[in-house]
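Have a look at the structure below, then the notes.
What you see is a predicted model, and the numbers here were worked out from it, not measured in a lab. Below, each value reflects all heavy atoms present in this structure, side chains not excepted, and no hydrogens, waters or symmetry copies. Below, read A as the first sequence line, B as the second, and so on, with proteins coming before strands; counting in each chain starts at 1.
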Amino acid sequence: MTIRTAITVNGKDTSREVEARTLLVHYLREELGLTGTHIGCDTSNCGACTVLLDGEAAKSCTIFAAQIHDCHVTTIEGAAQADGSFSPMQEGFRQEHGLQCGYCTPGMIMASTALLTENPNPTEEEIRHALEGNLCRCTGYEMIVNAVRWAAENPNFTSGGVK
Amino acid sequence: MSLVGARVLRKEDPNLITGNGQYVDDLQPAGCTSMVFVRSTEAHAKIRSIDTAEALALPGVLAVWTSANIAQLANCPGGLPGLDQPLLAKDVVRFVGEGVAVVVATDRYIAADAAELIIVDYEPLPAVASLSAAMAPGAVVLHEVLGGNTVHFQDFENPLDEAFAAAPRTASMHIVNNRCAPSPIEPNVCLADWGRSGLTLWAAFQAPHHLRNTIAQYFGIPQDSTRVVAPDVGGGFGAKINFVPEFFLTALLSKEIGKPVKYTQTRSECLVAMLHGRAQEHDATVAFDNDGRILALKLTVTQDQGAYPNGTGMGLPVLTTAMAAGCYRIPAVAISWRNVVTNTTPVAAYRGAGRPEASFTIERLIDLIADETGVDPVEVRRRNFIPVDAFPYATHSPLAMYDSGNFAGALDELLKHVNYDELKKEQEKRRQDPAAKLLGIGFSSWLEIAGFGPPGSLEAFGHLASWESAQVRIQPDGSAIIFTGASPHGQGTVTTYAQIAADELGIDFDRISVKHGDTAVVPQGIGTMGSRAVAVGGEGVKTASGRVYENAKRIAAHLLEASAEDIIIEDEKFFVKGTPARSVPWSEVAWKSFQPLELPGGMEPGALDSTVFQQVPNFSFPSGAYCCVVEIDRETGGVNIVNMYLVDDCGTVINPLLVEGQVHGGVAQGIAQALYEHMLYDPSGVPRTSTFMDYLVPAASDLPGYITGRINTPNPSNTLGAKGVGESGSVGAPPAVVNAVVDALSHLGVKHIDMPVTPIKVWNILEGAK
Ligand code: FES
Ligand code: FES
């Protein structure tokens, strides 16, 4: 069975005829070619697939594309600022070496971005708690925590359009 | 300014933080199809029949294969002859997760649907899911040709009976080193495209040339038209050096159906099909005097090989026993090991590969000696350290010729951060207060063998050689491209190599690119494993850059009508020392290096292009001193790490930021092994931890912050002085954590707890003591 779904992704309207069971993460990766959103598990534990759904962090492997008709999704490809500068969170990950292999990183950045929207100045403990649903096998997390703190401390970061 | 040693931000990051990384699953060539496995649900069974009719009839299905379709093919490379794993199980399955059939379909949903329609009729056989079950008299035999389940037994050369009989004191321990699933967040993924011009395999792999050479050999096709590409790889930790059936099956199926075939492992598959690590049991006996001085050590390692032994798995107990004595001067050491097959996932390298097991046991023994003699654990360590003036130090093992270190120095540095006396007082106080959490302090003075390795070392694990390749190519504008045979998957090698080359060449860091991971592009290489990327590969970059720089100086001298010995470089300008006003820029030297008429006599175009196959004379020996402070909740048995102090000696540091990252990541995996992770099987061989719901990879909230320090004894085997740091944390952390927990509970008579130290284990101890 196929269903037509219309989703706004990174500010652009997308509309596709999809199988009812198509997961959002596959819609993003395979229909739209937005491969920055990753898949790391099949039990909704790892958070590699985290995107923003109407501004809140959501695991795109747990959502059917057809379920979110008319919703707004932001993926890592849409995380940068309008002038092309990295977002404060992206820059924080770079500055604080918050990534190694980079596989968990898009999900981490999206989850951390959602955290700062809710709580612009989180403590270390609040950050660790908020990122409980995002696994990283490489960094041991301390530098991810530092990256989120960096973003909290530099909310107005811009590279002046330099990407 | 020297870039080696500087905190330089990574070149890798801009792509990875914007979603522009390119992992294998991100590739979707035209006509790409999807392969899905049917994996055994039985630990040990005969296959009576496989019914594929319904699956084949499903629209969109392009092929369904069982062993019958590939009957003429050899088994999967990497195994031991006669004990190796078929690409798809023939007649018998030997572990849950073994591939039984594969489906290729136009998309992954259809392939998964079809896999569900395949009916495998099993006749269950008795299974052995543990070492004790496999070695019990009358146990079912996995491989008829063996006649039993022991693959290999290496007895003591001399069991040291006299030394033990004469010793004032002895103590023994049986230690289980828990089986772990490496679990990179990107599971195994590969994509094969076998067309008229040859085979290309994109694979999440740590050693692309190793795979290229093997796959070409396996199919009997020339290596020139076989290409393996490891693009961005989402972590490896040793698990992505193994040859697994998926690589060969996607290739064959691509040839068969004439389309690209992709395989993307699910996490649940990854936990049972990606090779496991550790899975050793140790029987250790130590002889010592009343002052805690060690007189002799005897260690038997029993290695669980899983169902199909492989070369790396067989090498694990060799490395463990080689490093049995750790950083201690032990007059007599006897080692023995045994490799045993069980109905479980095969075992191979996992971050540290054999060395974490060694450091865990010797560091537990040190604390046992402290407990028996009443000498403080820190003091027992000091009394037994190999002193700084003893290098090179020959051990009981010909593999391990320690060349440098300062074990007492690292411990001194550690104790500057740890308020040990205060902590001990606090521990005593809390023991008296039933409402307070118990406190424990654990140390580990660890040493590992890394920087693989001298000629012959990796060959023993089936690799072509033990050097690493580096090619430095100057472009006509004076920028440089470096090609390396190392194959990074998170280490930041692109950045560190550019730092090394920038210093050697005098070229700006931003004008240096590093290419890796494509056998059609880089010279024959070996790969990234065994903490070798800097100690061997980085040294190669330095050597090749140095050679290019010498030739560049000759060209500059020719252009300046001076002598090459007098030329120096600053800000990418060559000039005669003392006369910076008359200079020639790198860009001009580079441009002219391609023009025969501009070159000094005897020099030919291409002089600024150098390829090196860097050899090293010895392994490297990173070491360090760690301290873990834990609190234990008396009600729940929960262990909480309060502080983790880490002093590393990895020799020269190229980039402190990246070293810090490697230490943190390794320590996180070490803590995970100590407290959380355990790949568990029930007695019938069914895995109990085959999803991320039950296999507990820790999250940010499960791990502490880290307090790091450093000492530096340079590696004498390379001119950089770097030893490697990728595996250090996973070697050093587990004993520190467990020593801390045992210390917290020592007043209850606790001598040892096997990993992972779960709340229930601790709770049982606390309850038992009530
Ligand atoms: S892929 Fe969505 S949580 Fe793991
Ligand atoms: S950076 Fe590799 S999993 Fe997080």
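For A/E17, the CD atom is densely surrounded, since the number of other residues' heavy atoms within 6.0 Å is greater than 12. More than 12 heavy-atom neighbours from other residues, nucleotides or ligands sit within 6.0 angstrom of CD on B/Q28.
In terms of heavy-atom pairs under 4.5 Å with chain B, the best-connected choice from A/C41, A/C101, A/C46 is A/C101. When the candidates A/H26, A/R29, A/R137, A/H129 are compared by the number of heavy-atom contacts under 4.5 Å with chain B, A/R137 comes out ahead. The most heavy-atom pairs under 4.5 Å with chain A, out of B/P187, B/P704, B/A672, B/P488, come from B/P704. In terms of heavy-atom pairs under 4.5 angstrom with chain A, the leader among B/P698, B/G21, B/P184 is B/P698. Interface summary for chain B: among A/A80, A/G78, A/A79, A/G102, the most heavy-atom pairs under 4.5 angstrom belong to A/G102. The choice from B/Q662, B/Q669, B/Q265 that makes the most heavy-atom pairs within less than 4.5 Å of chain A is B/Q669. Ranked by heavy-atom pairs under 4.5 Å with chain B, the first of A/Q95, A/R21, A/E91 is A/R21. Between chain B and the residues A/I109, A/L131, A/I39, A/I76, the largest count of heavy-atom pairs under 4.5 Å involves A/I76. Among the candidates A/N134, A/L99, A/I144, the residue making the largest number of heavy-atom pairs closer than 4.5 Å to chain B is A/L99. Ranked by heavy-atom pairs shorter than 4.5 Å toward chain A, the options B/G235, B/S268, B/A668 are led by B/S268. Across B/V233, B/L703, B/T691, B/T18, the residue that shares the most heavy-atom pairs under 4.5 angstrom with chain A is B/T18.
Heavy-atom distances place the side chain of B/Y23, and not its backbone, under 4.5 Å from chain A. Only the side chain of A/E30 comes within less than 4.5 Å of a heavy atom in chain B; its backbone stays farther off. For A/T105, the part sitting under 4.5 Å from any heavy atom of chain B is the side chain, from C-beta outward, and nothing else.
Residues meeting the side chain to side chain donor-acceptor pair (under 3.5 Å) test with A/N146, sequence neighbours left out: none.
Although no hydrogens or angles enter the test, the distance criterion places a donor-acceptor pair under 3.5 Å between the side chain of A/H69 and the main chain of A/A6. Checking side-chain atoms of A/T50 against main-chain N and O of A/A57 turns up no donor-acceptor pair under 3.5 Å. In this structure a side-chain-to-backbone donor-acceptor pair under 3.5 Å is missing from B/E12 to B/G490. Counting only distance, with no hydrogens or angles, the side chain of A/S60 and the backbone of A/C49 share a donor-acceptor pair below 3.5 Å. Between the A/E132 side chain and the B/S701 main chain, no donor and acceptor come within less than 3.5 Å of each other.
Using cut-offs of 30° and 60° for the angle between ring planes, the B/Y263 and B/F37 rings count as perpendicular.
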